[in-house]
Protein chains: 2
Amino acid sequence: MNGPVASTPRASWAPSTVDIDALRVALAVVRRKHRAGHPLYRAGQPFRALHLVHVGSYKVCDLAADGREKVAGFKMRGELLGVESIGLPGYACDAVALEDSETWELPCPAVLQAAHDIPGLQEQIAGALAAEIRRDRSWMLRLGTLPAEPRVAAFLMDIAARYAGLGYSARHFILRMTRLDMASFLALKHETVSRVLGHLTDLRYIDVRRREVRLLDVDALRAMACAQAA
Amino acid sequence: MNGPVASTPRASWAPSTVDIDALRVALAVVRRKHRAGHPLYRAGQPFRALHLVHVGSYKVCDLAADGREKVAGFKMRGELLGVESIGLPGYACDAVALEDSETWELPCPAVLQAAHDIPGLQEQIAGALAAEIRRDRSWMLRLGTLPAEPRVAAFLMDIAARYAGLGYSARHFILRMTRLDMASFLALKHETVSRVLGHLTDLRYIDVRRREVRLLDVDALRAMACAQAA
DNA sequence: CGACGCGTTGAGCAGACTCAATCACAGTGG
DNA sequence: CCACTGTGATTGAGTCTGCTCAACGCGTCG
């Protein structure tokens, strides 16, 4: 995610993953399914549980009072949903399934109890929240300092790395979100995203057919994602 | 102690504040002073403690491997520094004093122990981390959806609200950071920030003399900070 | 005093946006 | 089976906001 870091504890670097085994033994996990486009939760609904993505993927959408809206992130298998709402009476944002998906519900009281009882779990949870902060900050940095093209390149590299972490191909994958969602997350317009993908195709860095992406020149993409100039 | 927050759980809304009394009784707090421009910590230094701002203010700077840099936030009295590094061997970013400042050091092992022993503290800490996530997300939303002028207006309103929370005037205050820092945080160039402040002055919304700011028309500023168009 | 960092201001440029048309595809129903 | 429809994606032309480059003023501090 950040760089080629090896030999550090997982909870620090992995997306919002925690030690699932520890939680699974301690909690009575409820499975919840969501069809593509349907919400796992909406902003304002009572906050009573965290959710672990088990199948599929979700987007997290922040909303402002005046209607402005932005995709804050995408969550894949093994990642946690709802951590941003801890300490609030209701959820702070929306979580919507990008495809037919399934989560495990982790009720808050049970998690708190487990954090007390299971040694190390408290630290893992705090570590997962801190990792979420770092991930957000890392994207804030990119969105604030990179032009459109490197931004899209960085996004593709991020998705690729996460698929790789799940055992899927890092070179060939399906984008589960629309161009509009990508654009919102990247603070661009969907036309711009489309144009950039087109240009990356012209450069032979990638091959895109609608949602299907093939990375042809990972080194070039990585270089582009790091340098401010093209 | 915290601020005039009404009728909602404190840990949820306050900046990165926690129940300081609970921590103070449990921890042997060490005071650390920093002159303007000097670091409280730098990215990579061993992470052993959180820090509570007691006097003055700090900026938090994220850095990318390729040298890109961005101010991720500003911390004032009562706010926590270092939470983003929880679970890592070293700090994930820099924290630099904007003026002569002082922090209370909260050693990690002691905090963890206290979180075990003091009922509710664990939740408060998790709540503080979640609040940090929400604050970052809230700025990501603004930076992604607002043009330069509303962005600066929103920034001024944010600073004003935080000063008000500390018992200072919300109408008249000193910006502790340079235009460059503001610009970095707002993902703008410092010339743009300068121009926007100039324009807000022309509009009689504010009065600026270098770092000194007076808010003349708070309603207009608030309106500007919320609407995407001017 | 001189120097450097910070802040302001101006002119011109360019990258991303706006507006708009068109295309591809999946789902629906006749 | 295919026309119809709506959403998502692509592409083009023109515009504009914020950036770049540059000069200058102010203040502070060595």
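Convention: sequence-line order gives letters A, B, ...; per-chain numbering from 1. Note that these values count all heavy atoms, side chains included, but never hydrogens, waters or copies made by symmetry.
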Item to complete: Taking side-chain contact (heavy atoms from CB on, under 4.5 Å) as the test, write out the residues that go with B:Ala170, two or more places apart.
Response: B:Ala160, B:Ala164
Discussion item. Taking any heavy-atom pair under 4.0 Å as a contact, classify B:Leu197: base, sugar-phosphate, or nothing.
Written reply: nothing
Discussion item. Are there over 12 heavy-atom neighbours, none belonging to B:Arg171, within less than 6.0 Å of that residue's CZ?
Written reply: no
Practice prompt. Describe the nucleic acid contact of B:Arg211 in one word from base, sugar-phosphate, nothing, applying a heavy-atom distance below 4.0 Å.
Written response: sugar-phosphate
Worksheet entry | Parallel, tilted or perpendicular: rings of A:Phe47 and A:Tyr91 (30°, 60°) | perpendicular
Only pairs under 3.5 Å count here: list side-chain donor-acceptor contacts from residues 208-216 of chain A, not counting sequence neighbours, and write none if there are none.
unit_1	atom_1	unit_2	atom_2	d
A:Arg211	NH1	A:Arg176	O	3.3
A:Glu212	OE2	A:His172	NE2	2.8
A:Arg214	NH2	A:His172	NE2	3.3

Do any side-chain atoms of residues 36-44 of chain B form donor-acceptor pairs under 3.5 angstrom with protein atoms, and if so which ones, sequence neighbours left out?
unit_1	atom_1	unit_2	atom_2	d
B:Tyr41	OH	B:Gly82	N	3.2
B:Tyr41	OH	B:Glu84	OE2	3.1
B:Arg42	NH1	B:Asp94	OD2	2.9

Discussion item. Angle between the end axes of the helix from C:dC1-D:dG30 to C:dG30-D:dC1, five pairs per end, to the nearest 10 degrees?
Written reply: 30°
Worksheet item: Reading DNA chain C 5' to 3', which nucleotide is the first, and which the last, to come under 4.0 Å of any heavy atom in chain A?
Response: C:dA16 to C:dC25
Item to complete: Ignoring hydrogens and angles, tell me if any N or O in the side chain of B:Thr201 forms a donor-acceptor pair with the backbone of B:Leu197 under 3.5 Å.
Response: yes
Discussion item. If you apply the rule side chain to side chain contact (heavy atoms under 4.5 Å, CB included), what do you find for A:Arg204 with A:Asp217, and how did you get there?
Written reply: CA-CA 7 Å; A:Arg204 303 267 159 200; A:Asp217 191 339; over 6 Å; no
Discussion item. Distance check needed: D:dA22 P versus B:His190 NE2, whole Å only.
Written reply: 14 Å
All N/O pairs under 3.5 Å across the protein-nucleotides 23-29 of chain D interface:
none

Fill in: A:Leu98 backbone acceptor or donor facing A:Ser57 side chain under 3.5 Å
no
Worksheet item: Out of A:Val96, A:Leu81, A:Val71, which one pairs with A:Val60 under the side-chain contact (heavy atoms from CB on, under 4.5 Å) rule?
Response: A:Leu81
Between the protein and nucleotides 12-15 of chain D, are there any N/O to N/O pairs under 3.5 Å, and if so, what are the atom names and distances?
unit_1	atom_1	unit_2	atom_2	d
D:dG12	N7	A:Arg195	NH1	2.7
D:dG12	O6	A:Arg195	NH2	3.1

Item to complete: Kindly write out the residues that satisfy ring pair (Phe, Tyr, Trp, His ring centres under 6.0 Å) with A:Phe185, not counting sequence neighbours, or none if the list is empty.
Response: A:Phe74, A:Trp139, A:Phe155
Discussion item. Taking any heavy-atom pair under 4.0 Å as a contact, classify A:Arg151: base, sugar-phosphate, or nothing.
Written reply: nothing
Practice prompt. Please list all pairs passing the salt bridge (Lys or Arg N to Asp or Glu O under 4.0 Å) test where one or both residues lie in residues 50-65 of chain B, with sequence neighbours left out.
Written response: B:Lys59-B:Asp181
Discussion item. Would you say that more than 12 heavy atoms from the other residues, nucleotides or ligands in this model lie under 6.0 Å from the OH of A:Tyr168, or not?
Written reply: no
Fill in: Contact residues, residues 170-185 of chain A to DNA chain D [heavy atom, < 4.0 Å]
A:Thr178, A:Arg179
Discussion item. So, using side chain to side chain donor-acceptor pair (under 3.5 Å) as the criterion, who are the partners of B:Ser138 when residues are at least two apart?
Written reply: B:Arg142
Worksheet item: Between the main-chain N or O of A:Thr103 and the side-chain N or O of A:Arg32, is there a donor-acceptor pair closer than 3.5 Å?
Response: no
Response to the item:
Those residues at least two apart in sequence (or on a different chain) that pass ring pair (Phe, Tyr, Trp, His ring centres under 6.0 Å) with A:His34 are A:Tyr58
Response to the item:
B:Glu149 atom CD is separated from D:dG18 atom P, nearest whole Å, by 8 Å
